[in-house]
Amino acid sequence: MSTLFLLKSLTVANGKRLLKQFPAIAAVTVLLLVFLFFSGSFIADHIYKEKSREPFGVAVYIPETEDLGYNELIMTMLQNTGTVKETMKLYQVSSLEEGNRMLSEKQVSYFIMIPEGFFHGLVSNELPPIEVAVQDKTSVLSYIANEVFMSYARYLSVDLAASYAVNEGAKILSLSDDERHSLLNTTDYAYLDRALAKDSYLEVLPATSEGAFSLKQHYTGVAFLLAVACAGFFLIPLLFAVRGGVSKKLAVSGVKRGLIFCSDSMVSFFAYLLLLLPGCLVIQIISRSFSIPKLALLLPTALILAVLTAVVTGISGSPFSAGLLYFVLIMLLLYIGGGVFPLALLPKAVTFLSGYLPGEALIRWCCTALFGGL
Amino acid sequence: MQQKNRFLVCIKRIFSMQLYLIMLLLLCALTVTYHLLPTKQQETEIRVALFSEEDSRFNENLISSLQEGSPLFKFYAVSDKDTMVQDVKSGYAECGFFIPQGFVSSYAAGTHDLVISEYVLPATTLQASVSEVLFSHLLKLSGAQVLSETLNNRELTDLIRTYYDEAFSTDNAVSVTEVVAGPYHAPVTSKKVNLPIFEFLCLILVLSSLLSVLIVLRDEESGKYVSLSTKDKTFMRLFFASAALLPVLILGSLSLLITGAPVIQILLLLLITVGLIPCAAVLSLGMKKSTSLLKVLPFVVLFTLILLLILSLSR
């Protein structure tokens, strides 16, 4: 009997058994995929713990002798600033005593005292320093408030420096008062825009995505891969059964292990491909990322799973131990490849290993085949 | 006496299973590892990663300005965007900023063509304060450019640059009395590495109960219980389940005590064990073939693993 004939006979026998069981395997895979998809969605939503920081109190004192219009303007501007809204609660106090009392009663952590003549100083460029009192010099809250208000002071300083430069420049160029005022107004508007409309120069993005894919897409890819890989639990007993049935014949014919391995790999490859292709097409259609060329990535995915199945079947003594070994290997591959926890959360040694094992590539190929984008 | 002997036989047979012994040994190894692991010192510094595509002189100025001007946030430059995102994801940095090439010119002109990307996690709480600090330094460094672009007056531009720099060296800038105690000294916290011992114990309990079911099913298939009455068969089912689960409970409780787990976890372990004994007995009654159990075993383990992961994440 030629080797090729033996290989063909063995593969056909395996294939026939596989086709009989395939509807059941496909049904279990679909059920498993649904369960894993919902589990993956939950994990994607909860893997990065959410934290919140309660806004802390900040008292502001503006002396009554100052222009009331300025007072209101400054308070409204401060209260409407995104950073202040997010991190603190502002209280305008009517006296220094009130502010100090709030500080000692721990109602506020930070107390800003605007000195008399401050707003006039903005025009005359003779600014008295702003006084600040804190509840605790070493507390992180004091530092946060300090960072925010020092930033505002920096914005103001930049504006003042610009106004000074414009004034001095206008003097040298002998510009009229109207021209100078017009230049100063333009300057103030420009700096107000940079300081208050900061958010239009900034986009806040989640750092949770895994490569080119969102965390939800990543875990959908993992769910898809795991559901298909679990078909191995049905394939292993099937391969064992065929081998058991013809083992004597094979022994008499002197068939080598390599031939059985090839046959097992081929049957497993087709089984995995039969599960991967329609599953991927359905998900592509649902996620509206239909792409035939991307499906080519399912070939190496199916091949790696098939080789793993064939190797495990070849080295194990019973379907039970083979199934268990296959399970452990698949879970290990997924863990090291970032399928359970994102790679950034894994220990450095594991991250190092992931570069040498196919887990990460398998997940990436599945995600690319499902959602596109390389 | 007869029942006692039967129970002892059950224990002997359970302990003759290699897989069962391996699981118990793994539990012991995990406990010893936990005990030997040194306490990890955790710094609570608030780091901010920065990757800029602008020219190197501007980047150097920005980083040094941020490092000198911020006593709370530790700004540091990274060599590429991926490293910045990885640092944020791993929790090393509170957040990360990406400044695209040409941003400063666009910012100075106020065109909003290019924006800075701030990468955050759901756990990031200080993104607004950090971005405020960054933008104030950015405006300080690009202030003269903003002025030149805004006024669009060639004659003024050169004069403006000179006077703008002069203004910063004089005392007419806004000054705020420093109230914080110099650079922020983040407290160093000690933390033991968290090993999933309780989750592993739950998994062993489920696997042990399934192994006991497997033994009962194989015994029934080989006709070992033919001479036993229905009552005795039920006892055998319960004995096997107890023989498999009780050693795990005892060893597990000890392991939890050694690792300093809360008492509630030990009580929960007891509750799961008590619940699994009748479940295993009922399962061995309901299942016909040991091969069927072998087929579903990996799925049961997979479901258990995923449920444990979900439970630990929702805690």
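A:L346 does not touch chain B: none of its heavy atoms, backbone or side chain, sits under 4.5 Å away. For chain B, the nearby part of A:E86 is the side chain; its heavy atoms alone come within less than 4.5 Å. For a residue to count as touching a neighbouring chain, one of its non-hydrogen atoms must lie under 4.5 Å from one of that chain's; by this rule B:L134 does not touch chain A. Contact annotation for B:L19: only side-chain heavy atoms (C-beta onward) come within less than 4.5 Å of a heavy atom of chain A. Heavy-atom distances place the side chain of A:I172, and not its backbone, under 4.5 Å from chain B. Contact of B:V296 with chain A is not made at all, since no heavy-atom distance falls under 4.5 Å. Within the 4.5 angstrom heavy-atom criterion, only side-chain atoms of A:L226, from C-beta onward, approach chain B. Neither the backbone nor the side chain of B:S290 comes within less than 4.5 Å of any heavy atom of chain A. With a threshold of 4.5 angstrom between heavy atoms, A:E54 does not approach chain B through any atom at all. Of the two parts of A:S321, neither the backbone nor the side chain holds a non-hydrogen atom closer than 4.5 Å to a non-hydrogen atom of chain B. In this structure, the portion of A:L324 lying under 4.5 Å from any heavy atom of chain B is its side chain and not its backbone. Interface remark: A:V28 contributes side-chain atoms only to the contact with chain B (heavy atom separation under 4.5 Å). Contacts of A:F341 with chain B are made by side-chain atoms alone, with heavy-atom separations under 4.5 Å and no backbone atom involved. With a 4.5 angstrom heavy-atom cutoff, A:T208 touches chain B via backbone and side-chain atoms both. For B:I306, the part lying near chain A is the side chain, with the backbone staying farther off; criterion is any non-hydrogen pair under 4.5 Å. Of the two parts of B:F98, neither the backbone nor the side chain holds a non-hydrogen atom closer than 4.5 Å to a non-hydrogen atom of chain A. Heavy-atom distances place the side chain of B:F103, and not its backbone, under 4.5 Å from chain A. Looking at B:A109, only its backbone comes within 4.5 Å of chain A, counting heavy atoms on both sides. Of the atoms belonging to A:Y326, not a single heavy atom falls under 4.5 Å from chain B. Only the backbone of A:A170 comes within contact range of chain B, judged by heavy atoms closer than 4.5 Å. Heavy-atom distances place both the backbone and the side chain of A:L183 under 4.5 Å from chain B. In this structure, chain B has a heavy atom under 4.5 Å from the side chain of A:F327, while its backbone stays farther away.
Using a 4.5 Å heavy-atom cutoff, the side chains of B:F97 and B:F51 are not in contact. Counting only heavy atoms from C-beta outward, the side chains of B:V48 and B:C95 approach each other to under 4.5 Å. A:S151 has its side chain within reach of A:R154: a pair of non-hydrogen atoms, C-beta onward, lies under 4.5 Å apart. Between A:M150 and A:Y152, every side-chain heavy-atom pair lies at or beyond the 4.5 Å cut-off. With a 4.5 Å cut-off on side-chain heavy atoms, A:V350 and A:Y335 count as touching.
Dense packing is recorded around CD of A:E203, with more than 12 heavy atoms of other residues, nucleotides or ligands lying under 6.0 Å away. Other residues, nucleotides and ligands place no more than 12 heavy atoms under 6.0 Å from the NZ atom of A:K348.
When each of B:L114, B:V85, B:L309, B:V146 is checked for heavy-atom pairs under 4.5 Å with chain A, B:V146 comes out on top. No other option in A:L343, A:T187, A:V140, A:D193 has as many heavy-atom pairs under 4.5 Å with chain B as A:V140. Among B:M84, B:Q86, B:H137, B:E149, the residue with the largest count of heavy-atom pairs under 4.5 Å with chain A is B:H137. In terms of heavy-atom pairs under 4.5 Å with chain A, the best-connected choice from B:T125, B:D82, B:I46 is B:T125. Among A:C230, A:A344, A:S39, A:A207, the residue making the largest number of heavy-atom pairs under 4.5 Å with chain B is A:A207. By number of non-hydrogen pairs under 4.5 angstrom with chain A, the leading residue of B:A144, B:S117, B:S90, B:G143 is B:S117. In terms of non-hydrogen atom pairs under 4.5 Å with chain B, the most contact-rich of A:G323, A:A190, A:A162, A:P342 is A:A162. Taking chain B as the reference chain and counting heavy-atom pairs below 4.5 Å, the highest number among A:I236, A:L345, A:I43 is found for A:I43. Counting heavy-atom pairs closer than 4.5 Å to chain B, the top-ranked of the candidates A:G40, A:P319, A:P206, A:A145 is A:P206. Heavy-atom pairs under 4.5 Å with chain A peak, among B:D113, B:D87, B:V88, B:V301, at B:V301.
A:V108 and A:V58 make their closest contact through CG1-N, 3.7 Å (heavy atoms, listed as atom of the first residue, atom of the second, distance). Closest non-hydrogen pair, B:S131 versus B:E118, comes out as CB-OE1, 3.9 Å.
Within the 3.5 Å criterion, the main-chain N or O of B:F135 finds no donor-acceptor partner in the side chain of B:K140. When atom types are taken as modelled, the side chain of A:E147 and the backbone of B:V133 share no donor-acceptor pair closer than 3.5 angstrom.
Going from atom CG of B:L214 over to atom CG of B:L297 covers 7.5 Å, rounded to the nearest 0.5 Å. To the nearest 0.5 angstrom, B:E54 atom CD is 7.0 Å from B:I99 atom CD1.
Between the side chains of A:S142 and A:S109, no donor-acceptor pair is found at a separation under 3.5 Å. In this structure, a donor-acceptor pair under 3.5 Å is absent between the side chains of A:N185 and A:S182.
B:Y107 carries A:R194 over the face of its six-membered ring, with the cationic atom under 6.0 Å from the centre and within 45° of the normal.
Applying the salt bridge (charged side-chain N to carboxylate O under 4.0 Å, His left out) test to B:K295 and every residue at least two apart in sequence or in another chain returns nothing.
Between A:H46 and A:F42, the ring planes lie parallel to each other; the angle is under 30°, not in the 30° to 60° tilted range.
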